[in-house]
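Below: one structure, written as structure tokens.
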Amino acid sequence: MASADKLINTDVPEKDVFALHFLQSLSNLRTQSPLNSPNKSIDRVRKIKKAAYVSMARAAGGTSRLWSRALLRRAAKDDNKSVRFSRRKRKVTWKISSKRKRSNQRAPVVEEAAERLRNLVPGGGGMETSKLMEETAHYIKCLSMQVKVMQCLVDGLSQK
Amino acid sequence: MENELFMNAGASSHPPVMTSPSSSSAMHNWVSMETQSVDPSLGCNLFWEKSTEQSIFHSALSSLVSSPTPSNSNFSGGGVGGENLMIRELIGKLGNIGDIYGTLASNGNVSGSCYATPMSSPTPGRMMVTKTTTPITEFSGDPGFAERAARFSCFGSRSFNGRTNSPFPINEQPVATNEKMSRISSSPALKPLVSRVPTGESSGEFSRKRKAKSKQNSPSTVSPSKEIEEKEDSDPKRCKKSEENGDKTKSIDPYKDYIHVRARRGQATDSHSLAERVRREKISERMKLLQDLVPGCNKVTGKALMLDEIINYVQSLQRQVEFLSMKLSSVNTRLDFNMDALLSKDIFPSSNNLMHHQQVLQLDSSAPTLLGDHHKNNLQLNPDISSNNIINHLETSETRSFISHLPTLAHFTDSISQYSIFSEDDLTSIIHMGFAQNRLHELNHGSSNQVPSHMKAEL
């Protein structure tokens, strides 16, 4: 399976890490605006969703994954904060355009699907197709973990 | 030099033959110190220990190590010819076995001088050093190869290559062979490590040798360097090719970091198409990975449909997150108003009624004390907490500190751990702490300011 595959590392931390991060972010949310208590439910939903994604990105390895980095940066930009990244060699994004010139030789079917995937996966715009698929695999694992955590939370809280 | 070898080969002893006191101590050191290295070198260790019966092998190897300077001059010079290449390769392979020669070098053994450069540091990082300093020593240790070398024990032989193709029939160590085989099965991913050969060698023979070695799958010492990853990356392709197409192989240039690809039979040799093929194989490999992840993708064949499935799956997961966050927000609005009720009732799906009431009582009675006093001074950390699952998962000191604020929570969590509903209980206990803490915040802003700042700082 993926974990046994030494070529591509798609290991994801345990559910507890995700749970911890998510709950911390939730409690932060609560402390942020106990007095304001935004009345519009949409705002709350958005905040919670954002907290979910950010906590997932942090739990999944912080800035060590391309998608998590892009996610965190996107979130920080919205809040007008700045994200601190560790020094890493960054792939230049215009690599894609130079490769796309030869797109007639790159299975157009695959490329078209890769385009759609790039729109879905955060940070996908600057990635080559093979790298994109690695990131997608990791992203899927983290997403499913986060969904499980949230599901448990909702179940636990909604029981009466 | 050869005479020396043969003389040494004659000597036999049950513990590995020591031709010099330094090497003997080194050998012992090596045998005893191989604890933390990765499995392949442990396998090497086993192999060594098993083959102590075969004294010739050991004596020959130790004599190889202790062979004096004439060989060194060959190595230190840039390859004079095929003979030197073979010698270098041989010594390189031997050199990497279990870091034994490094210790020998560090012990001041004369012959160690040829290994001195690569093996200067006694740390496992040495393997990295070897890889970067001398291309010779990039060969991962191959005990089988060393054994063959010992057998032939003729450094000057140009037909060395030809003799290396049949390791097993010559092998008179069935036990050792079994060891090798068992190790083979355990480390299939190490196949490519044996494929690193200098590109100067004749490709035909080397492709045979490489294949033979890949079949043996001798576990070699693994060093976590990028080059190995590259090799391994290319390995499935290489193995596939060797299975499909006979003699065409991919050789990996040890001097540079990119992969050399050889054209397959009957296919275009255009560099573009080669790169294209590599890329396509990478993509298909990753698609297989994704196929395992996405449920229900096994039936679908073909890249297009698979990718559509994957995209749908990602979309559905994202939609699920959104939906759950909506649900959570609606649940949260209720929570704001009714903390106590939640804490007491909602969290224990399987709890006993009796326990329930006890806990509720406990919580209510302790609430005023929590409110009234400063958290940190009055509350003691309940030792039971440490045995709780949750603590194992929450490794931060901050969370532990606010866990300590809520001793009654320990009772909750103890009861929770009795009910082995793993995920829900842990999560709900965590919720407990989160909400309880928040409740304290709301009621006691002054003293509780420090805690969220701790948490924020940590985040």
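Using a 4.0 Å cut-off between charged nitrogen and carboxylate oxygen, A:Glu128 and B:Arg286 do not count as a salt-bridge pair.
Contact tally against chain A (heavy-atom pairs below 4.5 Å) for B:Leu324, B:Val321, B:Val294: the top residue is B:Leu324. Interface check for chain A: of the options B:Ile310, B:Leu328, B:Asp308, the most heavy-atom pairs under 4.5 Å are formed by B:Leu328. Heavy-atom pairs under 4.5 Å with chain B were tallied for A:Ser144, A:Ser130, A:Ala137, A:Ser55; the largest tally goes to A:Ser130.
Side chains of B:Leu307 and A:Met133 form a contact here, defined as non-hydrogen atoms less than 4.5 Å apart. No side-chain heavy atom of B:Gln320 sits less than 4.5 Å from a side-chain heavy atom of A:Met150.
Separating the CG atom in A:Leu143 from the OH atom in B:Tyr313 is a distance of 8.5 Å, to the nearest 0.5 Å. Atom NZ of B:Lys327 sits about 10.5 Å away from atom CG of A:Leu157, to the nearest 0.5 Å. Here the OG1 atom belonging to A:Thr136 is positioned 10.5 Å from the CG atom belonging to B:Leu289, to the nearest 0.5 angstrom. Of the inter-residue distances, the one linking B:Gln318 atom CD with A:Gln146 atom CD reads 12.0 Å to the nearest 0.5 angstrom.
In this structure, chain A has heavy atoms under 4.5 Å from both the backbone and the side chain of B:Met287. B:Leu290 touches chain A through its side chain: at least one heavy atom from C-beta onward sits under 4.5 Å away, while N, CA, C and O do not. In this structure, chain A has no heavy atom under 4.5 Å from any part of B:Phe323.
For A:Glu14, the CD atom is loosely surrounded, since the number of other residues' heavy atoms within 6.0 Å does not exceed 12.
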Could you check B:Glu322 against A:Tyr53 for side-chain hydrogen bond (donor to acceptor under 3.5 Å, both in side chains), going step by step and ending with a plain yes or no? CA-CA 10 Å; B:Glu322 183 153 358; A:Tyr53 275 110; over 6 Å; no
